[in-house]
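Below, chain A is the first sequence line, B the second, and so on; all start at residue 1.
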Amino acid sequence: MEKDYLLGIFKAALSKLGIDNIEDITFESPNNPEFGDIATNIAMQMARELKKNPRIIAQEIIDNLDYNKDVIERVDIAGAGFINIKFSPVFYDVLFEKIRQSGIDYGKQKIGNGIKVNVEYVSANPTGLLHLGHGRNAVVGDTVANLFEWMGYDVTREYYFNNAGNQMNNLGKSIYARYNQIDNPDFPLPENAYHGEYITNIANDLYKSSPTKYKDLEDDSPLHAELIKAGEVWCFEKIKNTLKKLKITQDVFYNEDSLYTEGKVDEVLKTLKEKGLSYEKDGAVWLKLSEMGLDQDRVIVKSTGEATYRLPDIAYHIEKFKRGFDIIVDVFGADHIATIPDVMQTVEHLGYDKEKISVLIHQFVTLTENGKQVKMSKRTGKSYTLDDLLDEVGEDVVRFFFIMRSISTHLEFDLAIAKEQSDKNPVFYLQYAHARACSIFSKANEQGVSLNNDYNYKLLTDEAEVNLIKQLIKFPELISISCDKREAHILTEYLKEVASAFHKFFHNCRILDSEQDIRDARLQLVEMTRIVMKNGLTILGINAPEKM
RNA sequence: GCGCCGGUAGCUCAGCUGGAUAGAGCAACAGCCUUCUAAGCUGUGGGUCAUAGGUUCGAAUCCUAUUCGGCGUACCA
């Protein structure tokens with residue numbers, strides 16, 4: 001906000017010096033407050049080109065700078081040629097009044113302008129329960145989708161799944177074996193069987209309703225398909241239930257199989273052949289990746305006639321383009337990394353803009369407790385599922401822990417801290433700020449005091465107040481940066497700073513027992529903080545409690 | 001071998017497009033509740049930013065090499 005103003009006056013000054021080709025000027029807050037509120041290194045950047053001492057350039061710029069003395073208190077040169085700017089406290093009050101007028105929608109933006117965005121996440125096949133890695137994937141994807149929504153995009157949340165193929169057959173066989181084991185404990189488990197306890201649960205459920213139907217089937221019995229279907233339905237119900245606990249609802253469940261039945265895969269295959277991007281060898285169809293700038297060619301149709309996963313992946317991404325999405329976001333775990341360049345290059349060579357796709361790859365999650373890795377749930381004695389974690393620490397803590405770090409770093413999920421219902425747990429620090437703001441209002445209410453929009457915003461000049469205002473002003477920009485980078489932890493870090501500034505303000509400035517005009521102004525500040533915390537937590541998918 | 005991610009305080013991690021004295025939380029130590037929520041605030045200690053070169057007025061940030069850890073490298077998904 002204040003940067004727009006500065007950009008204007010600096011461009012005008014440069015223009016007077018005969019420089020018009022500067023597009024953007026960087027302004028940033030110096031670490032040390034003595035250097036002012038905001039600084040630019042433009043003079044140093046120009047020094048190279050102009051072959052002049054940066055301090056001299058800085059002086060020339062300042063001499064030509066035409067600014068409002070009510071807004072800017074002082075402008076000076078420091079160090080190698082920084083231009084430091086100090087705003088008057090009143091300027092921040094004016095900015096505060098501006099943002100205050102946006103009220104409860106503060107932070108919502110229209111930049112997205114209804115552009116269609118597809119965010120695909122979770123996308124776990126219905127062969128089992130969600131584990132911790134899926135949890136990180138789910139929360140990262142859902143939060144990025146929220147960010148896009150707040151930026152004014154038209155967001156579709158999508159789940160891509162495959163209910164056919166080897167893994168599903170495997171699921172069916174595993175259920176079949178467990179079912180038969182009920183009456184015949186020696187019945188063998190298939191090779192590569194799924195060993196989770198849930199398989200037994202599914203088998204038990206089937207046994208209860210039909211105790212003989214699936215006994216000793218022939219290999220080609222059509223009933224095997226029913227077993228697979230039963231497994232799929234059971235798993236999906238569990239998965240959706242787990243996601244619901246995380247407050248995640250997706251709009252589209254896209255079935256990979258439809259790419260085959262609707263001929264999309266064949267279409268792609270045909271186009272690849274026409275464009276000379278594929279060839280046949282040893283009875284298989286190969287993708288000519290070596291001609292698309294990659295190391296080696298890969299099989300897309302096996303000699304058995306089945307497609308490998310690359311082919312439907314390519315078809316699926318093309319479908320996303322055809323469905324009219326301008327921004328496509330995929331969220332994957334680090335183990336999925338291999339296929340991405342292949343899909344991207346092929347899509348590009350088929351005439352689609354791969355720059356529209358952003359692939360978010362998050363690193364793995366390790367669950368620890370007191371420095372030791374936790375693999376099994378103490379409660380169930382089985383391997384730790386996302387459900388176990390949710391039951392143990394609650395959805396707010398889970399969501400917060402999964403987005404408080406950059407996605408590119410390995411995430412250590414410390415159960416001991418997560419379980420702690422105290423100040424050690426960072427999620428409470430944010431929620432507490434919100435609850436505190438709310439409690440001030442309930443106290444005010446008791447005293448018959450309410451928010452007065454006729455307040456005098458120029459009274460907010462205490463250091464703690466100005467500091468809080470400075471933080472609050474940044475909210476929309478931080479949402480925007482967070483969305484552009486598809487990194488929710490940037491917003492998380494910001495909210496910590498807002499909370500910190502608010503706690504300091506609360507500590508230093510009395511609110512309800514101050515003089516009436518000061519009280520009114522401060523209450524407005526409390527209200528804006530409450531809104532920023534509430535909206536910020538909403539984007540993160542975390543509850544903002546009114547009491548703690 | 002090759003590709004991707006990471007190596008920053010005792011621990012877990014921030015550090016945006018290179019910028020002025022490298023930050024936070026936890027842990028350790030010392031303070032602040034007769035006053036709007038102490039799940040808070042204030043202060044102290046703690047760092048060869050993995051290593052070595054390079055680019056630059058200026059590097060935790062960019063480049064190269066080395067090293068350690070994770071993941072991947074199928075006619076599996």
Side-chain angles (χ1 to χ4, degrees), chain A residues 24 26 28 30-32 34-35 39 41 44-45 47-48 53-54 78-82 84 125 127 162 165-167 192 256 281-286 294-296 298-310 312-313 333-341 361-364 366 368 371 404-414 416-417 420-433 435-444 446-447 478 481-482 484-485 487 489-490 492-493 496-497 499-500 502-504 506-514 519 522 526 547-548:
Chain A
D24 202 15
T26 313
E28 53 187 21
N31 300 329
N32 188 336
E34 280 173 30
F35 293 133
N41 60 355
M44 283 137 91
Q45 285 183 339
R48 201 166 307 173
N53 184 328
F82 289 99
N84 292 335
N125 288 338
T127 57
N162 175 4
N166 283 339
Q167 300 202 23
N192 308 320
E256 180 184 323
K281 193 181 97 184
D282 305 331
V285 181
W286 294 69
L294 294 174
D295 284 349
Q296 44 181 315
R298 303 278 182 185
V299 169
I300 47 174
V301 182
K302 297 188 252 182
S303 50
T304 58
E306 290 168 282
T308 68
Y309 61 89
R310 277 169 236 268
D313 269 8
D335 52 340
H336 269 76
I337 205 163
T339 167
I340 295 159
I361 297 177
H362 64 263
Q363 297 299 308
F364 279 30
T366 322
T368 61
M404 71 177 173
R405 306 298 184 209
S406 157
I407 61 168
S408 60
T409 155
H410 210 101
L411 177 70
E412 189 157 317
F413 196 116
D414 191 324
I417 294 177
E420 190 98 32
Q421 300 273 320
S422 77
D423 57 338
K424 285 183 196 167
N425 194 330
V427 65
F428 295 116
Y429 188 76
L430 301 186
Q431 293 183 317
Y432 188 59
R436 215 176 207 184
C438 290
S439 89
I440 294 167
F441 281 107
S442 58
K443 195 83 183 178
E446 281 171 27
Q447 299 178 5
L478 263 293
I481 293 173
S482 214
D484 285 349
K485 295 192 180 298
E487 275 281 23
H489 86 282
I490 293 174
T492 311
E493 291 292 321
K496 280 193 209 165
E497 282 178 34
S500 168
F502 176 67
H503 289 313
K504 277 176 199 166
F506 180 85
H507 194 258
N508 292 346
C509 304
R510 301 295 302 173
I511 299 160
L512 295 176
D513 41 11
S514 293
R519 180 197 67 198
R522 286 182 176 166
V526 174
K547 270 188 197 160
M548 283 175 77

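- Across all strands, A/C509 comes closer than 4.0 Å to base atoms (heavy-atom distances).
- Using atom C1' as the reference point in both B/U51 and B/G7, the two lie 11 Å apart (nearest Å).
- The nucleotide B/U44 finds its pairing partner in B/A28, both defining distances of the Watson-Crick or G-U wobble pair being shorter than 3.5 Å.
- Between the base of B/G72 and the side chain of A/D335 there is no donor-acceptor pair shorter than 3.5 Å.
- Taking the P atom of each, B/G43 and B/G3 are spaced 48 Å apart, rounded to whole Å.
- One atom, CD1 of A/I361, and another, P of B/G3, lie 16 Å apart when rounded to the nearest Å.
- Between A/D282 atom CG and B/C75 atom P the separation is 11 Å, expressed in whole Å.
- A/A444 comes within 4.0 angstrom of nothing in the nucleic acid, heavy atoms only.
- Evaluation of atom-type donor-acceptor distances gives a pair under 3.5 Å for the side chain of A/N84 against the base of B/A20.
- Heavy atoms of A/A338 sit under 4.0 angstrom from primed sugar atoms or phosphate atoms, though from no base atom.
- Considering only side-chain atoms of A/F428, the nucleotide from B/G70, B/C36, B/A39 that sits closest is B/A39.
- Residue A/A416 is out of contact with every strand shown, counting any heavy-atom pair closer than 4.0 Å.
- Of the nucleotides present, none pairs with B/C33 by Watson-Crick or G-U wobble criteria with both distances under 3.5 Å.
- Backbone-only engagement by A/S406 is indicated by non-hydrogen atom pairs under 4.0 Å involving sugar-phosphate atoms exclusively.
- Nucleic acid contact for A/D313: none, since no nucleic acid atom lies under 4.0 Å from a heavy atom of the residue.
- Pairing of B/G1, defined by two Watson-Crick or G-U wobble distances under 3.5 Å, is identified with B/U73.
- The side chain of A/K302 contributes an N or O atom lying less than 4.0 Å from OP1 or OP2 of B/C76.
- Residue A/A433 is classed as having no contact, given no heavy-atom separation below 4.0 Å to the nucleic acid.
- A close approach under 4.0 Å does occur between a side-chain nitrogen or oxygen of A/S408 and OP1 or OP2 of B/G6.
- As rounded to the nearest Å, B/U64 and B/C26 have P atoms that lie 39 Å from one another.
- At a cut-off of 3.5 angstrom, counting only N and O atoms as typed in the model, there is no donor on one side facing an acceptor on the other between the side-chain of A/Y432 and the base of B/A39.
- Across all strands shown, B/A60 remains unpaired; no Watson-Crick or G-U wobble contact has both distances below 3.5 Å.
- Taking atom P in both B/C62 and B/G15, one finds a spacing of 12 Å when rounded to whole Å.
- At a cut-off of 3.5 angstrom, counting only N and O atoms as typed in the model, there is a donor on one side and an acceptor on the other between the side-chain of A/S303 and the base of B/C75.
- Residue contacts shown for A/F506 include a base, since a base heavy atom lies under 4.0 Å away.
- Taking atom C1' in both B/A22 and B/G47, one finds a spacing of 8 Å when rounded to whole Å.
- Residue contacts for A/M404: at a heavy-atom cut-off of 4.0 Å it reaches no nucleic acid atom on any strand shown.
- Across all strands, A/S439 comes closer than 4.0 Å to base atoms (heavy-atom distances).
- For A/H489 and B/G15, the shortest distance from a side-chain N or O to OP1 or OP2 is below 4.0 Å.
- Under 4.0 angstrom from either OP1 or OP2 of B/C76 there lies no side-chain N or O belonging to A/R310.
- The pairing partner recorded for B/U51 is B/A65, the criterion being a Watson-Crick or G-U wobble arrangement whose two distances lie under 3.5 angstrom.
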